[in-house]
Amino acid sequence: MQTIIVTGGAGFIGSHVVRLLVNKYPQYKIINVDCLTYAGNLANLKDIEDKPNYRFVKANICDFPTIYRLMQEEKVTGVIHLAAESHVDRSIKDPFTFAQTNVMGTLSMLQAAKLYWESLPEQYEGKRFYHISTDEVYGALELTHPEGIESPFTTKASSAHHHAYGERFFTEDLKYMPHSPYSASKASSDHFVRAFHDTYGMPTIVTNCSNNYGPYQFPEKLIPLFIHNIRHRKPLPVYGKGENVRDWLYVEDHARAIDLIFHEGKVAETYNIGGFNEWKNIDIIHLLIETVDRLLGRTPGEDNSLITYVTDRAGHDLRYAIDSRKLQRDLGWEPSLQFEEGIERTIRWYLDHQAWMDNITSGEYEKYYEEMYGKR
Ligand code: NAD
Ligand code: DAU
């Protein structure tokens, strides 16, 4: 029996984690703590909101007294911490919010767990604080092979296209070199988590994952934004030359890794999560256009004219590529879905869930939350 707080459970990845845990472990109690920022959307959890082992608590992770009281009241045994400001472009405009949520919010979660667990006779025994982080903390890799070379590593995710765009990959022992205010705030939060292990003996784990894609992602991020824009024939704003490389993983594969690591990962360890699935932005964009066009009965590629090159993102990291061999070797995790299949599944999901998208893009869901919970 476990009582687990999942923070950020109304967001993109958090909602997949909550759904997986609620369905897989009816004997657990899963408490979703989320303050519902613009990115939090309870519609992401409609299918599980009435399950008896699920509770939603609208709270800000920075509100230490509320979090501490909740831990006592619910006798929390584990924390899976995803709540964060997650969009790099927003961090460039508003770094303070990122420091507040990602750094101070993580510290508040750590301190609340520490004080509560240390007050128990068994203290940290059977407890776990699992912090979800990003590959962006490692900085950027060189793009030494712009045309791509055969990758030395293949997984199910990358099996149809196993290109690498450089020789180096992010491994767990790399020095942190964050460039954006977002990645700097995530790096700082990772350091706090490890400090709580080293200083107080808290049983912590950190994982750093590559770019996720799949259903329920907020349409400010590349893949859902571009699917939406292609459908409505709006311009596709490609930053710079579209040559930046990202390493993509289907969100449910990330959620499966989180479940496995929460239960079987070794305390104080760091695990990288990714599928060795590197893509240049412009190649993904062409794949999105072709697939959306085909699914909508248009001539595949006819919407290429929507591509609009715009000013590059400031400090735009050139290449991310995660080495996840430690996780594969130590815990036997592997991605389950080939990228091309995952992209088609994702596009179909967004096309079939137009109402979900319209609620966000029309501001309708803001009204819904106001009625349900009052003004944010
Ligand atoms: P998201 O922006 O979709 O969701 C974030 C959630 O956190 C939202 O529901 C929001 O309401 C909530 N939240 C924000 N501030 C809060 C606060 N102060 N108190 C309580 N709740 C708050 O983010 P995501 O893309 O699902 O990312 C989740 C986590 O995974 C983040 O920590 C992110 O850094 C990490 N991550 C994301 C990716 C990715 O590709 N999306 C990859 C690796 C790691
Ligand atoms: O690597 C993991 C990270 O992936 C997570 O930690 C972040 O939370 C998540 O947002 C994501 O960061 P990115 O900046 O890589 O994702 P985004 O979808 O914003 O952009 C992907 C790439 O596409 C990036 O190179 C920028 C480019 N881009 C993005 C947008 C929104 C464009 O060219 N045009 C756009 O309009």
Side-chain angles (χ1 to χ4, degrees), residues 6-18 32-42 44-45 57-63 66-67 80-92 97-98 100-102 104-106 108-109 131-138 140 170 178 180 182-183 185-186 189-190 207-214 216-226 229 235-249 251 254-255 258 272-274 279-282 284-285 307-313 316-322 369 376:
V6 178
T7 68
F12 166 48
I13 303 172
S15 63
H16 289 275
V17 171
V18 167
N32 172 13
V33 172
D34 197 301
C35 73
L36 303 177
T37 65
Y38 78 94
N41 186 353
L42 288 180
N44 297 358
L45 291 165
V57 176
K58 184 173 187 288
N60 193 313
I61 54 167
C62 300
D63 179 358
T66 299
I67 300 292
I80 303 181
H81 177 42
L82 294 108
E85 289 293 337
S86 68
H87 193 43
V88 174
D89 295 326
R90 285 179 191 258
S91 81
I92 294 168
T97 306
F98 281 68
Q100 178 63 23
T101 295
N102 299 359
M104 295 306 286
T106 299
S108 156
M109 291 302 303
H131 176 63
I132 308 299
S133 192
T134 171
D135 59 358
E136 301 199 12
V137 297
Y138 298 120
F170 292 139
S180 73
Y182 163 68
S183 53
S185 68
K186 290 296 290 187
S189 65
D190 295 8
T207 57
N208 299 83
C209 188
S210 61
N211 285 62
N212 284 215
Y213 72 98
Y216 300 114
Q217 187 167 28
F218 196 83
E220 64 189 348
K221 308 278 164 54
L222 179 79
I223 289 184
L225 175 72
F226 277 38
N229 286 9
L236 306 174
V238 181
Y239 298 163
K241 294 185 183 147
E243 286 192 334
N244 301 66
V245 170
R246 294 292 181 266
D247 180 354
W248 294 92
L249 182 69
V251 62
H254 188 191
I258 290 172
N272 282 348
I273 309 175
W279 283 74
K280 270 192 196 174
N281 289 344
I282 195 66
I284 295 230
I285 291 162
I307 292 177
T308 310
Y309 291 95
V310 299
T311 310
D312 208 355
R313 175 185 275 172
H316 197 172
D317 285 337
L318 200 48
R319 171 175 171 250
Y320 301 148
I322 270 275
Y369 282 126
R376 293 180 201 236

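Note that ligands are numbered from 1 as they come in the structure, with each ligand's atoms numbered from 1 the same way. The residues of the chain are indexed from 1 along the displayed sequence.
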Under the side chain to side chain donor-acceptor pair (under 3.5 Å) criterion, do His131 and Ser189 qualify, and how do the steps go? CA-CA 9 Å; His131 176 63; Ser189 65; 3.1 Å; yes

Could you tell me whether ligand 1 has any atom less than 4.0 Å away from a heavy atom of [X]?
X: Thr7; result: no
X: Ser210; result: yes
X: Tyr216; result: no

Just to verify, what does Arg246 make a salt bridge (Lys or Arg N to Asp or Glu O under 4.0 Å) with, not counting sequence neighbours?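 Per chain and number, Arg246 pairs via salt bridge (Lys or Arg N to Asp or Glu O under 4.0 Å) with no residue.
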
Is [X] close to ligand 1, meaning an N/O of one under 3.5 Å from an N/O of the other?
X: Thr134; value: no
X: Ile61; value: yes
X: Thr37; value: yes
X: Tyr182; value: yes
X: Asn60; value: yes
X: Asn211; value: no
X: Ile13; value: yes
X: Ser133; value: no
X: Cys62; value: no

Quick check: closest heavy atoms across Val88 and Ser91, and the distance to 0.1 Å?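 Distance-wise, the nearest heavy atoms are O-OG, 2.7 Å.
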
Below a 4.0 angstrom heavy-atom separation, can you tell me which part of Asn212, side chain or backbone, both or neither, approaches ligand 1?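 Under 4.0 Å from ligand 1, Asn212 contributes backbone and side-chain atoms.
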
Using the side chain to side chain donor-acceptor pair (under 3.5 Å) rule, collect all pairs that involve residues 236-245, keeping only residues at least two apart or in two chains.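 For residues 236-245, and leaving out neighbouring residues, the side chain to side chain donor-acceptor pair (under 3.5 Å) pairs sorted by first residue read Asp89-Tyr239, Asn244-His316.
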
Candidates Val245, Asn211, Thr134 - the one meeting side-chain contact (heavy atoms from CB on, under 4.5 Å) with Tyr320: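 Exactly one option meets the side-chain contact (heavy atoms from CB on, under 4.5 Å) with Tyr320, and it is Asn211.
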
Under 3.5 Å, N/O to N/O: give me all the pairs between ligand 2 and the protein, one per line with atom names and distance.
unit_1, atom_1, unit_2, atom_2, d
ligand 2, 1 (O), Asp135, OD1, 2.5
ligand 2, 1 (O), Asn211, OD1, 2.7
ligand 2, 4 (O), Asn211, OD1, 3.4
ligand 2, 4 (O), Asn211, ND2, 3.1
ligand 2, 6 (O), Thr134, OG1, 2.7
ligand 2, 6 (O), Tyr182, OH, 2.6
ligand 2, 8 (O), Ser86, O, 2.7
ligand 2, 8 (O), Tyr182, OH, 3.0
ligand 2, 10 (O), Ser86, O, 3.2
ligand 2, 12 (O), Glu136, OE2, 2.9
ligand 2, 14 (O), Arg313, NH1, 2.6
ligand 2, 14 (O), Arg313, NH2, 3.4
ligand 2, 15 (O), Asn211, ND2, 2.9
ligand 2, 15 (O), Arg246, NE, 2.8
ligand 2, 18 (O), Leu222, N, 2.8
ligand 2, 19 (O), Arg313, NH2, 2.9
ligand 2, 23 (O), Asn281, ND2, 3.4
ligand 2, 25 (O), Arg246, NH2, 3.4
ligand 2, 25 (O), Asn281, ND2, 2.9
ligand 2, 25 (O), His316, NE2, 2.7
ligand 2, 33 (O), Tyr239, N, 2.9
ligand 2, 34 (N), Pro237, O, 2.7
ligand 2, 36 (O), Pro237, O, 3.3

Excluding sequence neighbours, so at least two apart, what forms ring-ring contact (aromatic ring centres under 6.0 Å, His included) with Tyr182?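 Testing Tyr182 for ring-ring contact (aromatic ring centres under 6.0 Å, His included), a comparison that skips the adjacent residues, returns none.
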
